[in-house]
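Working notes, structure below.
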There are 2 protein chains.
Amino acid sequence: MCYKGRMQRDRLPTLEDVARVAGVSRATVSRVVNGIRNVDPQLHEVVWDAVGKTGYVPNRMARSLVTRRTGTVALVVSDSESHDDDPFMSRFFADPYFGRVVGGLMSVLRQSGVQLALQIVGSDDGRKRLVGDLRNGQADGVIVLSLPAVDALPGMLTEGGVPAVMIGRPAEPVPINYVDLANESGATLAAEHLLGRGCQRVAMISGPADVPASHDRISGFRRAMAKHGHGWVPIVAGNFTQESGEDAMRTLLSQTSDLDGVFVANDVMAAGALLALRDAGRRVPEDVAVVGFDDSSAAVTAQPALTTVRHPLEDMAAEAARLLLARIEDAEMRVSSVIYEPTLVLRKSA
Amino acid sequence: MCYKGRMQRDRLPTLEDVARVAGVSRATVSRVVNGIRNVDPQLHEVVWDAVGKTGYVPNRMARSLVTRRTGTVALVVSDSESHDDDPFMSRFFADPYFGRVVGGLMSVLRQSGVQLALQIVGSDDGRKRLVGDLRNGQADGVIVLSLPAVDALPGMLTEGGVPAVMIGRPAEPVPINYVDLANESGATLAAEHLLGRGCQRVAMISGPADVPASHDRISGFRRAMAKHGHGWVPIVAGNFTQESGEDAMRTLLSQTSDLDGVFVANDVMAAGALLALRDAGRRVPEDVAVVGFDDSSAAVTAQPALTTVRHPLEDMAAEAARLLLARIEDAEMRVSSVIYEPTLVLRKSA
DNA sequence: GCACATGAGGAGAGCGCTCTCCGAGTCTTT
DNA sequence: AAAGACTCGGAGAGCGCTCTCCTCATGTGC
């Protein structure tokens, strides 16, 4: 009756089935499907025909089991703060940062047919399990998003021999590939622009001090200001949310009434600062100049539009993906990092 | 001569190894590890000891191969517009929409230890391959993000028997699970609010008409306006980006000079509209009242803060994840959908 | 004491694929 | 023309796991 047709109920065609239809062996079909050398072009065609006829799709699981390759890269986000019902995580995903990274990553991974799997690690136990799964071939490699504070993960990853690339340098020196922004240069750019336009009383709204990127922006800003004779700069820390930026600005305003310039460590906080400034009746940039950081969509939406330090996050993420793919291909690849130089984008706020 | 030694170096412990250490059979270790009935509590302990001693981690690939379960759910995003070097995609990922969905999804999936894999489908060929992979067990199920325009994917998915849940209803009636917002109600809310505050000349900035959500917002708005005696409403379409909102607003302004109210189909475009309005010297809300849609972060950042229709996207995504998980567990589950009711969030712009 | 039900653990057959042998056929080489 | 070199395709051994038998020991009723 039905030769190839309704064989077993919903059993999908396997190599075996294709082989039978094509009248060759499993091995040959495998060779053809994987485009391997040494196959008679005639057979080649017969096999592809059979593939079409049967509707064969290779089973990735089976293939992975033997090749030890999954065609998947994991994106690891560390959630060291809250545990259940996590306001931190939802905040994080809603932030343009996450989306931009995913966009950059996918632009490269897509073309290689590699899929991206999201992983959140919360506890130390989770970290351990993650590395275990990874070594087991759950994914071929991993992109690690800049972790808050010191984290054991980068070390565990290199130790476990898992191909990994971080976006944002690790808090502690670890021999791991990473892609980062020259945060210090960015902060310097901001400082010099503020000073250059004549600001005399400049303050900063920073991110959490234990995040490396945030730390570097602080130290870069401090150093640049010091170099120009401003030995002391008031700094209030936020946590990268708009609300925290608003609060920080209020604090700053109450401390230093004659402020005329602020550098804010990211645009979202800067948008908040703008709100606080407006409430306080300060005009931007006439009374207070504001420089943001990231050049995210929030910078354009803000009123006035933010002068900001451009963070080419998509490009960086894309580069991270390329680096990871290369490392996966070549296990001997030496550890390398790419540092991007930020640029200042001039808009209305400073 | 290390015949085997070298290989053994990076061979991870398998069930077999654990079994040898524990002095039992593979089957028993498997039973213990998977917490299955009928194991002598004493052996139980011995086995766990051996697991600890060897550092055994089950190989997911092997397990999946036999169980036909992967512990992975795919998030499918359709990219029917541009092909290479895609501005559409990067825009999409940077939009808060994407992040909010991911956040909502992960909040549920995490707890079940299910991972999320991102998939972009671009072409028809891609769609076909996706369904093939899915049927092959690449993922246990799939969350489909509201697709632009009519798309064959939902149909292919149900036909292929792939557990799937859409976020946003399909453009054409297809027996598929979905979670959606009562977009028409939302638009009605906006219309009535605008009318309620006395607006006489009201227009709308819509999204692309072929996106179901967008379509529903248009028809809902039209109907509500008509019901209150405004048979005709000027509508200009944007594409959900800030820039397009700005352009649309300018167009509207040039067409209808005495506008006093606008309903914008998402907050990001509304932010753009605000910019155009400011440029045109119209005060918001005094001269023109603006109501947005989504209640995304852009609504708070905007100046003035947007009165907007709240779209509980995180909750909806979480519900979609729950629905999918349930469907995966129970293949007989009947097709069901959940519709969320939007609410109006009052801020400054209207 | 025997037949029987009961339950614990082992043996082993795959899941669908890749890849290393090998054998058979074809083409050089001396 | 014989012997090697090369090509192409098949057989079959796994990859690490689950799960269905099956065996064997123990408990139960008469």
Side-chain angles (χ1 to χ4, degrees), chain A residues 7-48 50-51 54-71 132-133 135-138 140, chain B residues 3-4 7-8 10-48 50-51 54-71 132-138 140:
Chain A
M7 19 180 142
Q8 266 78 321
R9 261 192 176 303
D10 64 344
R11 218 199 88 232
L12 282 99
T14 72
L15 259 197
E16 192 74 51
D17 298 317
V18 179
R20 200 177 317 120
V21 172
V24 298
S25 76
R26 258 200 342 272
T28 304
V29 180
S30 176
R31 285 187 188 108
V32 171
V33 170
N34 295 305
I36 297 187
R37 36 89 235 245
N38 302 349
V39 185
D40 185 326
Q42 206 163 333
L43 264 190
H44 197 274
E45 199 171 319
V46 172
V47 169
W48 276 119
V51 167
T54 52
Y56 171 72
V57 180
N59 181 318
R60 266 174 101 142
M61 241 50 69
R63 180 180 288 182
S64 296
L65 182 57
V66 34
T67 58
R68 265 100 218 301
R69 276 298 189 75
T70 58
D133 281 353
R135 300 218 317 155
N136 240 312
Q138 164 113 221
D140 299 335
Chain B
Y3 10 57
K4 202 118 187 253
M7 305 238 356
Q8 221 123 26
D10 50 351
R11 225 201 79 230
L12 281 93
T14 72
L15 258 198
E16 192 74 51
D17 299 317
V18 179
R20 202 177 313 118
V21 171
V24 297
S25 76
R26 258 199 343 273
T28 304
V29 179
S30 177
R31 285 186 188 110
V32 171
V33 170
N34 294 306
I36 298 187
R37 38 98 229 240
N38 303 349
V39 186
D40 184 326
Q42 208 164 331
L43 264 189
H44 197 273
E45 199 171 319
V46 173
V47 170
W48 276 118
V51 167
T54 51
Y56 171 73
V57 180
N59 180 319
R60 267 173 99 142
M61 240 51 69
R63 180 180 290 183
S64 295
L65 183 57
V66 34
T67 58
R68 265 100 217 301
R69 277 295 191 76
T70 59
D133 281 354
L134 252 20
R135 300 219 314 154
N136 240 310
Q138 165 113 220
D140 298 334

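Heavy-atom basis, side chains included; hydrogens, waters and symmetry copies ignored.
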Fill in: Bend angle of the helix from C:dG1-D:dC30 to C:dT30-D:dA1, from helix axes over five pairs at each end, nearest 10°
50°
Item to complete: Sequence neighbours left out, what passes side-chain hydrogen bond (donor to acceptor under 3.5 Å, both in side chains) with A:D40? Give chain and number order.
Response: none
Discussion item. Once salt bridge (Lys or Arg N to Asp or Glu O under 4.0 Å) is applied, do any residues pair with B:E45, and if so which ones, sequence neighbours excluded?
Written reply: none
Worksheet item: Sequence neighbours excluded, which residues qualify as salt bridge (Lys or Arg N to Asp or Glu O under 4.0 Å) partners of B:R20?
Response: B:D17
Item to complete: If a protein heavy atom is under 4.0 Å from the base, mark B; if only from the sugar-phosphate, S; if neither, -; do that for nucleotides 16-24 of chain C going 5' to 3'.
Response: BBBBB----
Practice prompt. Go through the structure and list residues passing salt bridge (Lys or Arg N to Asp or Glu O under 4.0 Å) with A:R31, not counting sequence neighbours.
Written response: none
Fill in: Partner set under salt bridge (Lys or Arg N to Asp or Glu O under 4.0 Å) for A:R68, not counting sequence neighbours
none
Fill in: Sequence-distant partners of A:T67, side-chain hydrogen bond (donor to acceptor under 3.5 Å, both in side chains), two or more places apart
none
Worksheet item: Can you list the residues that meet the side-chain hydrogen bond (donor to acceptor under 3.5 Å, both in side chains) rule with A:T70, with sequence neighbours excluded?
Response: A:D140
